[in-house]
Each structure stands twice: as structure tokens, then as C-alpha cells.
Amino acid sequence: MHDIRRIREDGARFDTAMKRRGIEPISATILEADRLWRQGTTELQSLQQRRNEASKQIGLLKRDGQDASALIDEVADIKTRMQDIEEQGRLLEARLDEMLAGLPNYLGENVPDGAGEDENQEIRRVGTPPNFVFTPRDHVAIGEGLGLMDFAGGAKLSGARFVVLKGMLSRLERGLANFMLDYQTKEFGYTEISPPAMVHEHALYGTGQLPKFHDQQFQTTDGFWLIPTAEVPLTNLFAGEILDQADLPVRLTAYTQCFRSEAGAAGRDTKGMIRMHQFGKVEMVSIADPEHSEAEHQRMTGCAEDILTRLGLAFRTVLLCSGDTGFSAHKTYDIEVWLPGQDGGAGRYREISSCSNCGEFQARRMKARFRREGAKKNAFLHTLNGSGLAVGRTLIAVLENYQQEDGSVLIPRALRPYMDDLERISPAA
RNA sequence: GGAGGGGUGGCCGAGUGGUUGAAGGCGCACGCUUGGAAAGCGUGUAUGCGGGUAACCGUAUCGAGGGUUCGAAUCCCUCUCCCUCCGCCA
């Protein structure tokens, strides 16, 4: 949500900022509605003032047993006049809210301009993609070869974009989630949370999925929404709260199932389990003050990268360009893991984590504030979120990177404690 | 699902139609006191919006929305959340 005052100060600057998001100039429309609204508000307030004065006098007159009918008539007249202005004001305010709530966050200054993911800026590459003496297969071939990845079963139960994992592959998924949670909590000081996976509408509004992206979400018949990411419950935990600056940053992590309709993604990633309607993800959320959110963002990205390093997976980190940065984000780093089985064995980097600093954009929507030490006024918090990591895609990465020519898959050393020290998953005899 | 009770400022908590934006307490800030600290004493301390260079003025806000009334934290309706008991249930 944008601060209307900032737009009033410099509408042209706002338009320039939004233009980077591909949005046509809108400040004039907003400011005109704002002007009308303020005009109405001022008029309404002077009427209210007169009404309040008259009411007090009426009270006094009546107490003294005098006639107050003239004033009562005046108030009745004022009320009639107020009705129209109030109605107008409500409409204008709703229109303003609608416009403001539908506009994306400001982009960070160092966010590169660009139309889409091709123009993201690579920050660093870490690790070395493995060499294969054979043509590496993709995770579908590997998983089905192991007899432990069942897309037909997923389709039977739920249709496309669902999968059933079995045996040690199911175990691998659980092991990965536990490994990540242990790492985030023990190494990086995140507090583990077990949040609801269904939330009210206002929570999705708070983090910015609503109102604009309602078609990306699943809604139950009685009005709940399935979370598309644990970012939603974790961040909204602070809605309406006022924190002490001394308690910052707050770092939370959660492993949850995530649900996405993937509307508009028809035809993309239809094969395999890269893009599912339901997937597990360990999410990190940090709540920081404005002075420290940038450092916290770097730290958070590092926490996600560290998981990959520990798993021995090669990755690259990219700074998303303007066209690829999400609605609520001020600045986003994507971490892309090397998947050697993609593109017929040529290999390819694919997103496995997305770490965003949302600045005060979400905090403003959900009224999450903090008491600044030494200052009188409360200020909006900065909210950050990042995957640490997407479990399903990590499972894919492990399969494709650790596959052996005989169809078996080695278990990364860091994961073996979570797999009863199993070294290898082999096809069922 | 049935019955009942609640939602008041950063927190706790009074307040059932008329200068109540709201007693009191806690917390916090500043000052006095002290060798220093604690205690004690004093003063101050909600937020949004509009107007104003500013001091400040106005207005709204007691879960949300609507209504009754000259006037609503107080009365009525709807919604929402929390709690208790019963029922059902992982």
C-alpha cells in the first residue's frame, strides 16, 4: 500500500517509479480523487462541527427546560446535507483505496530495469555443476525409474499438477524439510512456527496477494483461503502489532504446504513436479527496522544459499529485474539451483528460493509498526520473506544432481542423518 | 451445531444516552530527590484525517459496518473474533 502523502508531494516522481513496473501514469487520477475527497472531508467536518455545537446547546437548553426546537430543526437540516457528502466521500475513499491497493511496491534503486527473467542480473555463482559420463535424466525419469514418483496416482486423486511420492522419496522429502528447519533454527536463529494453512481474506490482503491476485489462490466454499506460502501467516502474525525496537529483528521459519492455482501458467512446466498446485516449503520471515532491513535481506539470502551449499548443490543468485520483481517486493534475490536433467540433459538453473525485502509495503497494509527508541511516533516495520527452501524443488535438485548411471541416487552427506544414514536410494528390484 | 459471556488507549482496567478521547493503574519520557541507583514526588504521554508556516484548531475513532437520537463507548441490527458450557470430532 502506498502512502498517499508521498504521491501528493511529487506525483511525477511516483509515476516515474511506477513506470518501471510498466504502469501508465496514474498520479493525476489518484490526486484528483484525493482532492475531491479532501474537499468533501473539509466540508463534512465543518458541518459536523456545527452539529456538535448545536447538540451541546440543545442539551443545555433542555436541561434548563427551555425550547430547543429551532436548533433541532437546524441539526436535522445539517444531517440531510451531510448524507450526500458522506456518500460521495465513501465512494471516493473506496476508489482511492482500490487504486492504491492495486499498485505494486516501489522498486529498489539498484534493481535493474528489464522486461522479464532474461534480464535479471546475476550476482554470483556458487558450486560446480556435476559432470556426468552419461546423459543426465530429469527427475521424472529418475523418480519413476525408482518406482517412487507417481504422477498417475496424483492425477487419479487430484488431477494435473499433483504427485504422489512413495517410500524413500517420501522420506527424502520429509528429511529435507527437517534438515532445513534444523538449519534455520539452530544455525540462523529463526524461531520455528507451525501456522494455519488456511487464513482469512485480510491476511492475504496484508501480504499483497489480494485484491489483485485472487485468481492465483484457492478459496474454500466457506471463505477461507489456502496459503500460497507461509509468508502469509508468518508476516500477518504482526498485523496491527506495535513492537519494541529492541526486540528487532524477529526471525520466524515454518514448514508448510503451499497451494497455488497456477492460473495463467497453463502449458508451463506441465511435466514433472516443478510447478505443483501443492508443495512443501520452508519459509523464512524477518521483521526488521528500516535501518537494518537491507542487511537482513543479505543475511536471509545467505541463509537460503547456505542450505544449498550444505547439500552440495550448485546454484547462482540473481537480482530480479524490474519486470520480474513481485508485486509486494522492493527488491528480490532469486536463488536458482542447477538442474542437470533439464532441457534433455543439457542442464539449466531453476528458481528454488526467492528472498524479498518488502520494505514497509506490507507493514503499511497490515499496520505493523514499532516504537522507535527515543522517538515519539511509531513507524512502520520492514518485512522480509524468503524460501529456505522450496522442498519439492530441492528434492528435484537432489535427484538430478546425485543421480547415478544405474538409476540410483546418492544421498548428500548432510542429509544422511535424516535418512537413517542411508547412502543411496536404489530402484526396487 | 446448541446455549451463554465478552472485544475500551502501548498494556491492564472503569465506564449503560449529554463538555468522556474516555477515571484509575502499569509502562514509557522528562524533571525533582540521591554520592549513585532503587524507592518516592511532580509533569507529560493514543491514533488517523482535514486545515494552518507554526503554536494550534477542527473532525473521526472504545472489534467492523449500519441504524435509532438533537446527542451513542453506552440503545437496536448485521458481521467478525475471543472465552465458557453442551454436542460432535482428528
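Remember, it's a predicted structure, so these values are computed and weren't measured experimentally. All values below were derived from every heavy atom in this structure, side-chain atoms included, with hydrogens, water molecules and symmetry-related copies excluded.
In this structure, the nucleotide among B:U19, B:C49, B:G51 sitting nearest to the side chain of A:Thr42 is B:G51. Proximity note for A:Thr41 (side chain, C-beta onward) versus B:A60, B:C70, B:G50: the nearest is B:G50. Of the candidate nucleotides B:C49, B:A60, B:C81, B:C81 has the atom lying nearest to any side-chain atom of A:His200. Which of B:G71, B:G58, B:U19 sits closest to the side chain of A:Ser55 comes down to B:G71. Across B:C81, B:C49, B:C70, the shortest atom-to-atom separation from the side chain of A:Gln45 is found for B:C49.
The pairing partner recorded for B:G31 is B:C41, the criterion being a Watson-Crick or G-U wobble arrangement whose two distances lie under 3.5 angstrom. Remark: B:G24 base-pairs with B:C12; criterion is Watson-Crick or G-U wobble with both hydrogen-bond distances under 3.5 Å. Remark: B:U74 base-pairs with no nucleotide; criterion is Watson-Crick or G-U wobble with both hydrogen-bond distances under 3.5 Å. Remark: B:G87 base-pairs with no nucleotide in the shown strands. Criterion, Watson-Crick or G-U wobble with two distances under 3.5 Å. Under the Watson-Crick or G-U wobble criterion, with both distances below 3.5 Å, B:A60 is paired with B:U47.
Regarding A:Lys56, its NZ atom lies at a distance of 12 Å from the C1' atom of B:G21, rounded to whole Å. B:U69 atom P lies 16 Å from atom CD1 of A:Ile78, rounded to whole Å. In this structure, CD of A:Gln57 is placed 21 Å from P of B:U69, rounded to the nearest angstrom. A:Asp97 has its CG atom 15 Å from the C1' atom of B:G65, to the nearest Å. The CZ-P distance, from A:Arg364 to B:C49, rounds to 9 Å in whole Å. Here B:C49 presents its C1' atom at 13 Å from CG of A:Leu96, a figure rounded to the nearest Å. At whole-Å resolution of the value, CG in A:Leu47 and C1' in B:G50 are 14 Å apart. Rounded to an integer number of Å, the gap from A:Leu44 CG to B:G50 C1' is 10 Å.
Counting only N and O atoms by type, the side chains of A:Gln184 and A:Glu192 include no donor and acceptor under 3.5 Å apart. A donor-acceptor pair shorter than 3.5 Å can be found between the side chains of A:Ser286 and A:Glu296.
Taking only side-chain nitrogens and oxygens, A:Lys79 comes nearer than 4.0 Å to OP1 or OP2 of B:G71. Here A:Asn52 does not reach the OP1 or OP2 of B:C70: none of its side-chain N or O atoms lies under 4.0 Å away. Note on A:Arg38: a side-chain N or O is less than 4.0 Å away from OP1 or OP2 of B:G51. The phosphate of B:C49 (OP1 or OP2) has a side-chain N or O of A:Arg5 nearer than 4.0 angstrom.
Scanning both residues, A:Cys321 and A:Ala115, for their nearest heavy atoms gives SG-N, 4.2 Å. Here the closest heavy-atom approach between residue A:Ala33 and residue A:Arg95 is recorded as CB-NH2, 4.1 Å.
One C1' atom belongs to B:G24, the other to B:U78, and the distance between them is 35 Å to the nearest Å. Nucleotides B:G6 and B:A60 have their P atoms positioned 28 Å apart, rounded to a whole Å. The separation of B:G7 from B:C89, taken at their P atoms, amounts to 34 Å, rounded to a whole angstrom. B:C85 and B:C79 have their C1' atoms separated by 24 Å, given to the nearest Å. Taking the P atoms as reference points, B:U20 lies 15 Å from B:U59, given to the whole Å. Taking atom P in both B:G21 and B:G71, the straight-line distance is 15 Å, to the nearest Å. If you take atom C1' in B:C11 and the same atom in B:G5, they sit 23 Å apart, rounded to whole Å. Between B:A46 and B:G25, the distance separating the two P atoms is 16 Å to the nearest Å.
Within 4.0 Å (heavy atoms only), A:Arg8 reaches sugar-phosphate atoms of the nucleic acid but no base atom. In this structure, A:Arg50 reaches neither bases nor backbone, as no heavy-atom distance under 4.0 Å exists between it and the strands shown. Contacts of A:Ile242 with the nucleic acid, taken as non-hydrogen atoms under 4.0 Å apart, involve only primed sugar atoms and P, OP1 or OP2.
A:His277 has its ring centre less than 6.0 Å from the ring centre of A:Phe162.
Under the ring pair (Phe, Tyr, Trp, His ring centres under 6.0 Å) test applied with A:Phe361, the options A:His330, A:His382, A:His2 reduce to a single match, A:His2.
Taking the ring axis of A:Phe279 as reference, the NZ or CZ atom of A:Arg161 does not stay both within 45° of it and closer than 6.0 Å to the ring centre.
The aromatic rings of A:Phe224 and A:His200 lie parallel to each other, with less than 30° between the two planes, well short of the 60° mark.
When each of A:Glu53 and A:Arg369 is assigned the nucleotide of RNA chain B bearing its nearest heavy atom, the one mapping closer to the 5' terminus is A:Arg369.
At a cut-off of 3.5 angstrom, the base of B:G58 holds no donor-acceptor pair with the side chain of A:Gln49.
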